[in-house]
Amino acid sequence: MTSNTTTDATDAAAEPAKLPDPLYPTVTDWVNDHFVLMYKRTLGGEFRWCAQWWQHAEAISRFTALWYAWEALRLQGSTGVGIWYRDHLDHQLPILLGPRGPFYQCTETEHLDPHQATVTPPPPDWWDDTDHTTGGEVQA
């Protein structure tokens, strides 16, 4: 009688490990059902909020980064959430809710579209062999 132990182990190693389903399936769920319930601040002055946070591209990006990191680090056992606070939330929270963050023109009850910076495209030959920071030719 032969054993298939080696074959079974090889087959198991070849299959990618199934990651657990996220606790919050979308960033909207995470913001609405976790973030706003957990991280309460007195609004106005130092802390800003917009009920239409999803209208702010920067907020979406930052919340998505926080959510992804939170979902991963919550699974890390005893220190995962602490690392998430230190490396992620403690950096992002003052920016997100800060007086010059993405919600700086909004109030909790009024959304104002943020000012969009304008861009002037460079001339067609701008990115040739000229170093425009010094005004000279790029040396190869």
Side-chain angles (χ1 to χ4, degrees):
M1 187 184 291
T2 61
S3 171
N4 288 335
T5 305
T6 304
T7 303
D8 293 342
T10 303
D11 291 343
E15 294 178 20
K18 169 130 173 44
L19 296 174
D21 290 334
L23 190 59
Y24 297 96
T26 68
V27 67
T28 301
D29 292 329
W30 185 81
V31 171
N32 293 345
D33 299 338
H34 179 74
F35 181 83
V36 297
L37 300 177
M38 180 69 73
Y39 307 105
K40 298 176 182 179
R41 300 291 186 271
T42 300
L43 299 176
E46 182 181 354
F47 299 108
R48 307 295 177 133
W49 178 251
C50 181
Q52 296 178 32
W53 63 268
W54 38 266
Q55 296 254 35
H56 299 267
E58 179 183 356
I60 293 168
S61 179
R62 289 180 183 277
F63 278 134
T64 300
L66 284 169
W67 168 54
Y68 282 156
W70 185 87
E71 287 287 357
L73 289 168
R74 74 179 176 86
L75 301 171
Q76 298 301 311
S78 59
T79 60
V81 173
I83 291 168
W84 179 80
Y85 276 105
R86 183 194 68 203
D87 293 352
H88 300 278
L89 184 69
D90 289 349
H91 173 74
Q92 297 291 355
L93 195 62
I95 295 169
L96 272 166
L97 302 184
R100 299 305 293 165
F103 310 132
Y104 80 97
Q105 293 179 311
C106 299
T107 67
E108 189 175 14
T109 59
E110 181 182 15
H111 166 76
L112 295 173
D113 287 329
H115 175 74
Q116 179 68 43
T118 59
V119 176
T120 302
D125 60 347
W126 185 256
W127 299 112
D128 60 7
D129 292 326
T130 304
D131 180 355
H132 294 280
T133 61
T134 63
E137 292 293 316
V138 175
Q139 302 297 318

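Scope of the values below: all heavy atoms of this structure, side chains included, with no hydrogens, waters or symmetry mates.
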- [ ] Show your reasoning for whether side chain to side chain contact (heavy atoms under 4.5 Å, CB included) applies to L89 and W84.
- [x] CA-CA 6 Å; L89 184 69; W84 179 80; 3.8 Å; yes
Open item on the list: For Y24 together with W70, are the ring centres under 6.0 Å from each other?
Closed with: yes
- [ ] Please report the shortest heavy-atom distance between L37 and D33, naming the atom on each side.
- [x] CD1-O, 3.2 Å
Open item on the list: Looking at every heavy atom in both V31 and F63, which two are closest together, and how far apart are they?
Closed with: CG2-CG, 3.6 Å
Task: Check: R41 and L93 side chains under 4.5 Å, non-hydrogen atoms - done: yes
Task: Euclidean distance, Q76 CD relative to I83 CD1, rounded to 0.5 Å - done: 7.5 Å
- [ ] Could you grab the distance from atom CD of E71 to atom CG of L73, nearest 0.5 Å is fine?
- [x] 10.5 Å
Task: Minimal non-hydrogen separation, P99 against R48, with atom names - done: CA-CG, 4.1 Å
Task: CD/E46: more than 12 non-hydrogen atoms of other groups inside 6.0 Å - done: no
Task: Shortest non-hydrogen contact from W127 toward P122 - done: NE1-CG, 3.6 Å
Task: Side-chain donor-acceptor contact under 3.5 Å, D113 with H111 - done: yes
Task: Exercise: identify the closest heavy-atom pair between H56 and C50 - done: NE2-SG, 3.5 Å
- [ ] Take L96 and L66 through the test side chain to side chain contact (heavy atoms under 4.5 Å, CB included) and record every step on the way to the result.
- [x] CA-CA 11 Å; L96 272 166; L66 284 169; 3.8 Å; yes
Open item on the list: Distance check, rounded to the nearest 0.5 Å: F47 atom CZ versus Y39 atom OH?
Closed with: 14.0 Å
Task: Spacing of CH2 belonging to W54 relative to CD1 belonging to I60, to within rounding of 0.5 Å - done: 9.0 Å
Open item on the list: How close do K18 and D21 get, counting heavy atoms only, and between which atoms?
Closed with: NZ-OD1, 3.6 Å
Task: Interatomic distance, L43 atom CG to L97 atom CG [nearest 0.5 angstrom] - done: 7.5 Å
Task: Candidates Q105, Q55, Q52 - the one meeting side-chain contact (heavy atoms from CB on, under 4.5 Å) with L112 - done: Q105
- [ ] Look at the aromatic rings of W30 and F35 and report parallel, tilted or perpendicular, splitting at 30° and 60°.
- [x] tilted
Task: In one Ile/Leu/Val/Met/Phe/Trp/Tyr side-chain cluster, 4.5 Å: I95, V27 - done: no
Task: OG1-CG distance between T26 and N32, expressed to the nearest 0.5 angstrom - done: 8.0 Å
TODO: Please check if the side chain of T107 supplies one atom and the backbone of E110 the other of a donor-acceptor pair under 3.5 Å.
DONE: yes
